[in-house]
Student: 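Handing you a structure now.
Lettering follows sequence order; numbering is per chain, from 1.
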Number of protein chains: 2
Amino acid sequence: MTLLDHPDAKAFILHWGEMGTHWGVNRSVAQVHALLYLSEKPVDAEAIVEALGLARSNVSTALKELQTYAIVRRVHVEGDRRDHFVAEGDLWEMLMRIVAERKRREIDPTIALLAELADRLRSDDTAPAHLRDRVVRMHEFLSTLGGWYEQVRTLPKSTLVTLMKLGSKVARFLPGSKAKD
Amino acid sequence: MTLLDHPDAKAFILHWGEMGTHWGVNRSVAQVHALLYLSEKPVDAEAIVEALGLARSNVSTALKELQTYAIVRRVHVEGDRRDHFVAEGDLWEMLMRIVAERKRREIDPTIALLAELADRLRSDDTAPAHLRDRVVRMHEFLSTLGGWYEQVRTLPKSTLVTLMKLGSKVARFLPGSKAKD
DNA sequence: CAGATAATTCTGTAAATTCAGAAATTGATA
DNA sequence: TATCAATTTCTGAATTTACAGAATTATCTG
């Protein structure tokens, strides 16, 4: 593969793989994603195998995982019966989808558990007050954060980008703020 | 330890430990943190060992790690020469510190690498245009995100809480928005 | 300063994760 | 419906990571 011959492409892919391992995604998954992200055209599984030196099976698993994150999709290339794959090119979109999936997998179940614990502790006289307080607080915190996320994700991307470009200047527009920096 | 006898405390700690493994922190570190978070009083290392059934060495390592995140600190308890530890109780503060540390450890080096790659690709005629474009875009994206974070973290916590409670309603206050929901 | 206790670092082992190859399945074509 | 390519699933091996215990270093007390 010609793309992979480029040392900077290789550096990107290797680094991306390491990043993955620090963020709860396995190295192969992250590398496959990096390769697809850099690639101009849809790539088939066999080409990924050759480019990254992974086993066919791993590539298959990685592609499946990336598709559940919805940051890679299967496309059909005319005159070729093999499946080809492309990565989401819009980075903002990519980030949103990863966040959505991780929330679904990990945060939501955590909130559910905390709700249960908090609920039980509230009606348990024998429970140490401090324990109750801490669990309730954590539940409230994550729920608030989750609720905020659910709201913000409904905003159009353009609004989000505007907000981000504003940076700390958002504060200016809040009601009750004397407009200064 | 009396706190740990409570089944809900145990459930919290175990779940927190699993969460850790999905977010790039090892189980012991997350469990020690959970225990300290739930505990009313400062806890010494030996007590943690007994409560969680970990080796003394692991507890030592975990405490060190939590201190580099600055979400646990050492406190002195009168009349006891052993070190005792307490977790940050303000959850918002806790989150900010974790984010800060992970950015420092993982995001900043990534941005630095991308800057280097993007720079080299810009002055490399032989590089595929698409590769250059993708790397440059990723660099810009992460830089923007990083810059946004650096700005937002300077805002007072109260402002941040206000912003969060506002949720999607922030959009209303942006210049050029016809105030509706 | 000697003895004791606490804390950290080092090292071998256990556990968990990742991954390659084999086997099984799917699905397209003739 | 038989065949062949493509893809996925399963399983054992290899690598990596987490951890317990031993050894070392630091700190406190009398």
Student: Need one value for A/Gly17: base, sugar-phosphate or nothing, where a base atom within 4.0 Å counts as base even if backbone is also close, heavy atoms only.
Tutor: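 Nothing, no nucleic acid heavy atom in range.
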Student: B/His22 NE2 to D/dT17 P: how many Å, rounded?
Tutor: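 Rounded to whole Å, this separation is 16 Å.
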Student: Evaluate whether atom CZ of B/Arg56 has more than 12 neighbouring non-hydrogen atoms of other residues, nucleotides or ligands under 6.0 angstrom away.
Tutor: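 Check passes, neighbour count above 12.
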Student: With sequence neighbours left out, write down each residue that passes side-chain hydrogen bond (donor to acceptor under 3.5 Å, both in side chains) with A/Asn58, or none if nothing qualifies.
Tutor: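 Counting only residues at least two positions away or on another chain, A/Asn58 forms no side-chain hydrogen bond (donor to acceptor under 3.5 Å, both in side chains).
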Student: Test of understanding: clusters of I, L, V, M, F, W, Y form through side-chain heavy atoms closer than 4.5 Å, transitively. Do A/Leu36 and A/Met19 belong to the same one?
Tutor: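 In one cluster: yes.
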Student: Verify the neighbour count for atom CZ of B/Arg105: are there more than 12 heavy atoms of other residues, nucleotides or ligands below 6.0 Å?
Tutor: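 Enclosed.
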Student: Let's go through A/Val99 and A/Met96 carefully: what are the C-alpha distance in whole Å and the side-chain angles of both, what is the deciding distance for side-chain contact (heavy atoms from CB on, under 4.5 Å) to 0.1 Å, and is it a yes or a no?
Tutor: CA-CA 5 Å; A/Val99 171; A/Met96 294 299 276; 5.8 Å; no
Student: If I take atom CZ in residue A/Arg56 and atom P in nucleotide D/dA6, what distance separates them, rounded to the nearest angstrom?
Tutor: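 These atoms are roughly 9 Å apart.
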Student: Base, sugar-phosphate, or nothing: which does B/Gly20 touch, judged by heavy atoms less than 4.0 Å apart?
Tutor: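 No contact.
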Student: Can you find a side chain N or O atom of A/Asn26 that sits less than 4.0 Å from OP1 or OP2 on C/dC19?
Tutor: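 Checking A/Asn26 against C/dC19: at least one side-chain N or O falls below 4.0 Å of OP1 or OP2.
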Student: Rounding to a whole Å, what distance do you find between A/Arg27:CZ and D/dT16:P?
Tutor: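 Spelled out: CZ on A/Arg27 to P on D/dT16 is 7 Å.
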Student: Between P on D/dT25 and CG on B/Asp83, what's the gap in Å once rounded to a whole number?
Tutor: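 Answer to the nearest Å: 20 Å.
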Student: Rounded to whole angstrom units, what separation is found between the NE2 atom of A/His76 and the P atom of D/dT7?
Tutor: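 After rounding, the reported distance stands at 11 Å.
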Student: Out of C/dA7, C/dA20, C/dT8, which has the shortest distance to the side chain of A/Ala55?
Tutor: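 For the A/Ala55 side chain, the nearest candidate turns out to be C/dA20.
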Student: Which letter, B, S or -, goes with each nucleotide of nucleotides 22-30 of chain C from 5' to 3', with contact meaning a protein heavy atom under 4.0 Å?
Tutor: -----B---
Student: Over 60° means perpendicular and under 30° means parallel, so tell me whether A/Trp92 and B/Phe141 are parallel, tilted or perpendicular.
Tutor: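 A/Trp92 and B/Phe141: perpendicular rings.
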Student: Looking only at the side chain of B/Asn58 (C-beta and beyond, no hydrogens), which of the listed nucleotides D/dT9, C/dT8, D/dC19 gets closest?
Tutor: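 The nucleotide sitting nearest to the side chain is D/dC19.
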Student: Tell me: CD of A/Glu46 to C1' of C/dA20, nearest whole Å?
Tutor: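 Checked: the CD to C1' distance equals 14 Å.
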Student: State which of D/dA20, D/dA6, D/dC19 makes the closest approach to the side chain of A/Arg82.
Tutor: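 Of the candidates, D/dA6 comes closest.
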Student: Is there a side-chain polar atom (N or O) of A/Lys64 under 4.0 Å from OP1 or OP2 of D/dT7?
Tutor: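 A/Lys64 to D/dT7 OP1/OP2: no side-chain N or O under 4.0 Å.
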Student: Please give, in whole Å, the distance from D/dT7 P to A/Glu65 CD?
Tutor: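 Rounding to the nearest Å, CD of A/Glu65 and P of D/dT7 are 19 Å apart.
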Student: With respect to the phosphate group of C/dT18, does any side-chain polar atom (N or O) of A/Ser28 fall under 4.0 Å of OP1 or OP2?
Tutor: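 A/Ser28 to C/dT18 OP1/OP2: no side-chain N or O under 4.0 Å.
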Student: Check the surroundings of atom CH2 in B/Trp148: do more than 12 heavy atoms from other residues, nucleotides or ligands lie under 6.0 Å from it?
Tutor: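 Not buried by this count: 12 neighbours or fewer within 6.0 Å.
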Student: Nearest-Å distance, CG (B/Asp44) to C1' (C/dA7)?
Tutor: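 In whole Å, C/dA7 C1' lies 12 Å from B/Asp44 CG.
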Student: Starting at the 5' end of DNA chain D, which residue's closest nucleotide do you reach first, B/Val29 or A/Phe85?
Tutor: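 So the residue in question is A/Phe85.
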